[in-house]
Enquirer: 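Handing you this structure, nothing more for now.
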Protein chains: 2
Amino acid sequence: MGEENYLPHVSIDCVIFGLTDNSLNALLLKVTGTESWVLPGGYVEKDESIEDAALHVLKSRTGLTDIYLKQFMTTGNSERSFPDDVRRICESLGIEWTEGHWANKRFISICYYALIDVNKFKPTGGELEQEYQWVDIHNLPQMLMDHDNILRKGYEALKENLGNHPIGINLLPDKFTMPELQKMYEIILDKTLERSHFQKKMLRFDIFRRLEERREGVPHKRPFLYRFDENKYQNELKKGARFDV
Amino acid sequence: MGEENYLPHVSIDCVIFGLTDNSLNALLLKVTGTESWVLPGGYVEKDESIEDAALHVLKSRTGLTDIYLKQFMTTGNSERSFPDDVRRICESLGIEWTEGHWANKRFISICYYALIDVNKFKPTGGELEQEYQWVDIHNLPQMLMDHDNILRKGYEALKENLGNHPIGINLLPDKFTMPELQKMYEIILDKTLERSHFQKKMLRFDIFRRLEERREGVPHKRPFLYRFDENKYQNELKKGARFDV
DNA sequence: CTTTCATTGTGTCAATTGTTCACAAAGGAA
DNA sequence: TTCCTTTGTGAACAATTGACACAATGAAAG
């Protein structure tokens with residue numbers, strides 16, 4: 001818990017994406033005593049891989065361990081130090097801040113995005129910041145440091161990846177319907193898709209298995225439930241299939 | 001030139017890709033006195049951005065400044081330290097090596113790939129290693145540290161990116177023919193493409209301008225020369241066009 | 001100078017995919 | 001029972017893909 005345990009000059013920042021009815025959201029942490037927000041993040045222990053460091057951040061914030069995680073950027077301008085913001089964070093935590101505090105130095109940040117099913121999400125108390133919030137990525141609050149930029153870059157990376165791989169299913173429950181799948185694509189890509197064509201295309205990928213069940217408790221015709229089939233997916237990958245939308 | 005000028009624990013590695021007649025090649029540096037090769041790389045000065053650090057590596061190795069550069073990965077296992085290999089490199093350079101040498105420590109490597117036109121390439125003497133070679137990426141020699149893995153990951157990233165953006169033109173001269181463009185795609189994606197369809201598809205992208213000239217000095221019918229048109233490209237991007245092959 | 005041959009630009013045609021629209025079945029609400 | 005919305009599916013037409021054909025071009029061979 002201090003300078004000597006971590007790799008100096010290196011930090012981890014995570015953009016945790018979650019889907020709600022009509023928006024893609026990121027999990028932000030409020031810096032107590034301010035109106036500013038930060039991304040969940042941390043540092044890399046000296047005997048820990050950077051991936052493990054990111055997983056620890058996720059575990060401590062979401063209570064989840066089996067998470068889709070993607071490294072999308074490492075940012076490192078020479079001016080990337082934020083003593084003012086670090087001071088605010090220290091103050092909000094009752095930690096002593098000094099001019100020479102190690103966290104004031106220039107930092108290189110290794111950035112990951114995570115895709116989680118918000119229904120499985122269990123907020124667990126972090127030691128650093130208390131208040132958390134799912135924030136619509138198109139309506140960000142004031143954020144400290146360059147975290148707004150990191151978040152936007154993470155979103156760009158997600159959009160690009162989603163165009164090539166069916167990673168969006170990690171935002172949905174295990175069982176999902178075609179309309180739910182379509183809505184997920186529409187929200188992330190920020191454009192409407194044609195329903196009939198979307199379903200045919202998705203089913204042509206041959207990576208989902210249709211279940212006997214249908215989604216219950218919906219007002220109109222009950223849609224079928226589907227499940228992602230890892231074996232089918234690997235088969236299609238071997239065949240050189242593409243999954244671009 | 002030493003520990004105190006660089007960010008500790010952080011290195012830069014560059015996979016410099018260049019195209020020859022029938023293969024995609026990476027620029028490797030030979031560690032004198034051994035049969036082992038390494039990627040061009042370096043460290044990050046304390047007041048230098050990581051991108052600038054990568055550009056410096058490229059400048060010092062290729063003599064080129066205006067280079068397509070893409071950050072594709074940051075690697076950082078906790079075991080990622082290579083004292084034995086560092087010792088070999090030190091020996092080959094006549095630098096004193098000690099057990100506690102700063103370069104023996106655990107390093108996080110920020111990895112870039114660069115795409116250059118080999119015809120513009122001018123080898124410039126690095127201080128570290130003398131002998132260089134363009135090596136077919138499908139036939140790699142023995143490499144130190146985990147550089148072979150970095151190279152493979154860089155190639156995977158290049159293939160993925162090439163499927164979405166016309167970045168491959170950075171490997172070609174300013175003026176190129178459709179058969180040359182096709183060959184570039186075939187070599188990188190490692191599969192044959194149908195000639196007629198390829199041309200129609202590329203021209204449908206509407207990002208190239210056909211010149212009046214044709215490629216001279218070729219044995220058969222002389223193909224037209226084309227040039228990438230940045231304005232056209234930006235227009236298509238604005239229209240939301242995709243460039244996947 | 002003619003013939004041969006590989007390459008390039010372009011065209012044809014069938015199969016597949018994209019786009020738009022339609023319609024019946026399902027289920028809640030009036 | 002009627003009305004309304006959503007879902008699954010299919011029809012019709014447009015565009016793209018994939019496989020091949022063919023004439024024009026230019027070097028090499030005779």
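Residue numbers start from 1 in every chain, and the chains themselves are labelled A, B, ... in the order their sequence lines are given, proteins ahead of strands.
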Enquirer: Check A:Thr34 against A:Val31 and note the closest heavy-atom contact, atom names and distance.
Expert: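 For A:Thr34 and A:Val31, the tightest heavy-atom pair comes out as OG1-O, 2.7 Å.
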Enquirer: Once you round it to whole Å, what is the distance between C1' of C:dT10 and CZ of B:Arg214?
Expert: 12 Å
Enquirer: Quick one: which of B:Trp37, B:Phe121, B:Phe17 gives a ring pair (Phe, Tyr, Trp, His ring centres under 6.0 Å) with B:Trp134?
Expert: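 With B:Trp134 as partner, B:Trp37, B:Phe121, B:Phe17 yield a single ring pair (Phe, Tyr, Trp, His ring centres under 6.0 Å), made by B:Phe121.
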Enquirer: With a cut-off of 6.0 Å (strictly less than), are more than 12 heavy atoms of other residues, nucleotides or ligands near CD of A:Glu35?
Expert: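 No - once you tally the heavy atoms of other residues, nucleotides and ligands closer than 6.0 Å, there are 12 at most.
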Enquirer: CZ of B:Arg242 versus P of C:dT17: gap in Å, rounded?
Expert: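 Rounded to the whole Å, the gap is 17 Å.
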Enquirer: Quickly work out the A:Arg215 CZ to C:dG28 P distance and round it to whole Å.
Expert: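 From A:Arg215 CZ to C:dG28 P: 15 Å.
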Enquirer: Counting only heavy atoms not in A:Lys153 (residues, nucleotides, ligands), do more than 12 fall under 6.0 Å from its NZ?
Expert: no
Enquirer: Taking the six-membered ring for Trp and the single ring otherwise, decide whether the centroids of B:His165 and B:Tyr233 are under 6.0 Å apart.
Expert: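 That pair fails the under 6.0 Å test.
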Enquirer: Are A:Phe208 and A:Phe224, when compared by the centres of their aromatic rings, separated by less than 6.0 Å?
Expert: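 No, too far apart.
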Enquirer: Tell me which of A:Arg204 and A:Val218 sits closer to the 5' end of DNA chain C, going by the nucleotide each one is nearest to.
Expert: A:Arg204
Enquirer: Reading DNA chain D from 5' to 3', where do the contacts with chain A start and stop? Cut-off is 4.0 Å to heavy atoms.
Expert: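 Reading along DNA chain D, I get D:dT5 to D:dA11.
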Enquirer: Please give me every residue in residues 182-197 of chain B whose heavy atoms get under 4.0 Å of an atom in DNA chain C, ordered by residue number.
Expert: B:Arg195, B:Ser196
Enquirer: Take the protein atom CD of A:Gln199 and the nucleotide atom C1' of C:dT17, then report the distance between them rounded to whole Å.
Expert: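 Result: 16 Å.
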Enquirer: To check you understand the geometry: which heavy-atom pair defines the closest contact between A:Ala26 and A:Val15, and what is its length?
Expert: CB-CG1, 4.3 Å
Enquirer: Is it the case that atom CG in B:Asn119 sees more than 12 heavy atoms from other parts of the structure closer than 6.0 Å?
Expert: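 More than 12 within 6.0 Å, yes.
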Enquirer: What is the separation between atom NE2 on A:His220 and atom P on C:dA30, rounded to the nearest whole Å?
Expert: 11 Å
Enquirer: A:Pro223 or A:Lys200: which one's nearest nucleotide on DNA chain D is closer to the 5' end?
Expert: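 With A:Pro223 and A:Lys200 compared, the 5'-side residue is A:Pro223.
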Enquirer: I need the CE-C1' distance between B:Met202 and C:dT10, as an integer number of Å.
Expert: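 To the nearest whole Å, that distance equals 18 Å.
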Enquirer: Does the pair A:Glu236/A:Lys239 count as a salt bridge with the N-to-O cut at 4.0 Å?
Expert: yes
Enquirer: Without decimals, in angstroms, what is the distance between A:Lys221 NZ and C:dA25 P?
Expert: 9 Å
Enquirer: What contact category does A:Lys201 fall into here, base, sugar-phosphate, or nothing, at under 4.0 angstrom with non-hydrogen atoms?
Expert: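 Sugar-phosphate: the residue A:Lys201, judged by heavy atoms under 4.0 Å, touches backbone atoms but no base.
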